[in-house]
*Asks:* 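Here it is, the structure in full.
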Amino acid sequence: MQINLPSFNVWLKEVFRFQPQLKENEYLSKLSAKAFQGKLFIDGNLNDLKIENTSVNWGNATNVSLNGSVKNATNPDKLQLNLPNFKAETKRADLLQIVNEKELNLKLPEEILITGNVNGSLKNSKIDANINTSQGNAFVEGNLSNDTNISYNVKASITDYDLGELLQNENFGALSLSLQSNGTGENLNNLDAKLETNISKFQLQEYVIKDLSLEGNFKDGVGVISSNYKDDNLNLNLNGSIILDSVATQANVDLNVIGADLQALGLLNRNVKTGMDVSVDFKGNIDSYNIKSTIKNGVVVYDNNTYLLGAVNAEAFINKDTTAFKINNKMLNVNLQSNTDPETFSKGLQRHVLSYFYRDDKVSDTIKNPINLKLEAKISQTSLIKDVFLVNLKDIDTIDIALDFKEQERLLKANVSAPFINYSGNKLDSLSFSMDTDKESFNFNLGFKNIKAGPVDVPKTVITGNQTNNELALNFLGFHKGEKLMNVNTKITGNRDRLKFTVNKDSLILNKSKWSILEENEIVIENNNLTFSNFRINKENQSIEITNNLKNVQKKHIALVYNNFNINEVFNYLNPEDEIANGVLNGDFVLVEPFTNTGVITDVSVSNFKVLNTNLGKLSMDAKSLGNNKYNFNTYLKEGDVDLDLKGDYFVNNNIANLNLDLDINQFKMNALKTLSLGEIKETSGSFSGDFKVTGTTSKPKYNGSLTFDNAVFNITKLNTKFTLKEEQLTVDNSGISMANFTVLDAKNNALTLSGDIKTESFINPEFDLKLKAENFRILNATQKDNPDLYGKVTFNTNATLTGDLQIPKINASFTLGKDTDVTYVMPSSYANVEERDGVVAFVNRKNPDAILTQTEEQSAVISGFDISSQLKINKEAVVTIIINEDTGDNFKVSEKEIFFLQWCQMVELRLLEHIK
């Protein structure tokens, strides 16, 4: 045999013509998307083939190059390979056409190059390979003999591999490790082996673990493993035993976490330390396994208090036919049992619920392995949750979850109740959900008494669903003071091929007023398309219509046509007592090609536009198609306290909008902040302006620009003191807000200067990196009426840094209170007395004060929401009064020239540990 092909070009699609069954192979089908090209030089016969200067390309980025020999190609038992200097390279874009990253929960490297040598047979082989990727590098060298006995020797290393990018977890950084192992035996069950692993570097956020070693020794398939690690922030011992078995390996691991500083490890942003004993028992294999785990002696130390974790017992058994999971602790109790794996029962629940919408009455008859699932769970409030892990969780009542699902019988019963949750002042009252289904009926009920978050104050709401006579009724009802505030009753009929949605003409209520709709109204979903008939609601001269038949739009579309619609008719549901938004809406808003490359054509305006009683004048939106999936987009806000223009265009490709917009804030009057801040700001004047460039996509916009203040004056209500920003500027982009010598003037023109950054990767919880300087700056001028908890006058000098985040700002500062300071702080009554908190004790290890777990804070005092390390000096003429108990009048005053070293954390109590006169 001699093959000399200096060039070839093969499409698998052509091969499928002669062997159509090959197309059924998932991977061959995916590989058929590109041609195979290259060169091929083979000489010899099937017993001894020589390969020279051969390479195969799949597209432009994937290539395999080979030289060497193949012997006994048709006899796997005698097959011999000798492939020196093989090379394979590819790129992520090619791999994504074959591999589904979402299923793997990974992000593959952008580039991969593998080089090395392979020599031997399937029973006795040697390999050495270098794997170089854009995420990091690896090397493996070893040999394996699997003839009559097992014998192996392997060395491997990983260098600076970006584990965070691979696992899509920004908490992880670079990993470097080395591994060496060898062993012999008749089979896995009686293997003698030795394992040595050293993690030379593993980065966990800003923390680096160095030289963590793991050793293992096996005799007759039974082995022990051990590891000990200690540095300033982590101290642990690991011991375990393993019984190797080709059917079901057994392992027992005991981990003693003597101490771990969770803040230093990057796991929490507060000074929290922990220790515990963890035991894990494993038996099984990758397809079927049982795990039992217990945690004993678990403690968490925070603010010199020790919170007892309590015993944790967990057990799991998982295979393709069964999932059983239990966890028991005073915070969390879960009991889950199913006859399949989690992914399958999740899809089964979704399939079951959707079957009632699609009228699939016989869906259970087509399922080969119907699902059974039972779940009971309870989440209870503890001091550990409230005071340590979720510091903004003010209150939570016990949450109960129960679910019982039998797919074959089409039975599903589910109940969820959350009586009360208060997170950072946002309150959810009396949330309840239930679902009850069988072959004949489908019923669910979702309701709550109240949701309050900032200006939003949603009243009692009930959403119900009920199926009878092959019709599914969905009803939405909101109450206010016993009246129907908003009500919509709808009906779904049809089947998976054609669903029809209609609104009951006698049920429609918006803002406590009855609205009209024709009885013949309907929305039809058919062939991945939506059609609307008579879907227009109206009251007097107001109306909204949804249609897909606008005469001036040729492509498929969904249009909303507004006529004199007062937006308060809808926004009033979000707060019936205090108006959130008002204005009269007119015009058309059109989604073009709503299921493919969606674009927007619009010509709408809102006149007399108000948000939180702020006069915003007139809002106008104008967007037109420019052809070839390109649209212009212009929005204007004029004639009110805010004047801005948003102008530009965007291009839609693969249903992704690529933006090219300019945002010009021509003038934002500070007067608008009085109402937008809900009264937290008063006595304003001046304004600010700005300009921004917006690119990227709608899901990941990129922006950069600046804000400039023009004699902006405002008074923070609870401080009752004015501040002025004369001609200050902020730079804003995706990373955050930057400032240099940003100066705030008080009422007497004394300055507070800030420099640094506010990082806004998380808008919900921004991070701070700021330096502050001030001299004789007045921060407080409040009466007891303005702020009952903190009132009087405060001026200060400072040189400080502000880090941390919005959840727990961290201030490190030297403060000097000015001579005209006369301030009173009233401690909250709930903290005026020593409280007994479940599972909270305090201890100090006097024999070993440097132990991680028992290191104490040298000085501490506490103010809500801050973590402050401060040296506080008080001018001899200044007076500070702390009222310990307002009912009894207990208080103490601090005056003259005194120095305090304070550390304030986020709970509301005050402990002055060091006082130097």
*Asks:* Please determine whether the number of non-hydrogen atoms from other residues, nucleotides or ligands lying under 6.0 Å from atom CG of Asn528 exceeds 12.
*Replies:* no

*Asks:* How far apart are the C-alpha atoms of Lys624 and Asp622, what are their side-chain angles, what is the distance that settles it, and do they pass the salt bridge (Lys or Arg N to Asp or Glu O under 4.0 Å) test?
*Replies:* CA-CA 7 Å; Lys624 295 181 176 64; Asp622 177 35; 2.9 Å; yes

*Asks:* Take Asn153 and Asn143 through the test side chain to side chain donor-acceptor pair (under 3.5 Å) and record every step on the way to the result.
*Replies:* CA-CA 6 Å; Asn153 191 332; Asn143 60 71; 5.7 Å; no

*Asks:* Backbone N or O of Leu659 within a donor-acceptor pair of the Thr695 side chain at under 3.5 Å?
*Replies:* no

*Asks:* Taking Val154's backbone N and O only, do any of them form a donor-acceptor pair with Ser181's side chain (distance below 3.5 Å, no angle check)?
*Replies:* no

*Asks:* Give me the atom names and distance for the closest heavy-atom approach of Phe325 to Ala316.
*Replies:* CD1-CB, 3.8 Å

*Asks:* Are any side-chain N or O atoms of Ser134 and backbone N or O atoms of Glu110, one a donor and one an acceptor, separated by less than 3.5 Å?
*Replies:* yes

*Asks:* Given side chains that start at C-beta, do those of Thr62 and Phe36 come closer than 4.5 Å, heavy atoms only?
*Replies:* no

*Asks:* Side chain of Gln180, backbone of Ala156: donor and acceptor closer than 3.5 Å?
*Replies:* no

*Asks:* Is there side-chain contact between Val208 and Lys201, with heavy atoms separated by less than 4.5 Å?
*Replies:* yes

*Asks:* Aromatic ring centroids of Tyr631 and Tyr650 under 6.0 Å?
*Replies:* yes

*Asks:* Say whether, by atom type as modelled, one donor and one acceptor occur between the side chain of Glu89 and the main chain of Leu113 under 3.5 angstrom.
*Replies:* no

*Asks:* Any donor and acceptor pair, going by atom type alone, linking the side chain of Ser346 with main-chain N or O of Pro342 inside 3.5 Å?
*Replies:* yes

*Asks:* Quick one: does Asn339's side chain get under 4.5 Å of Ile371's, heavy atoms only?
*Replies:* yes

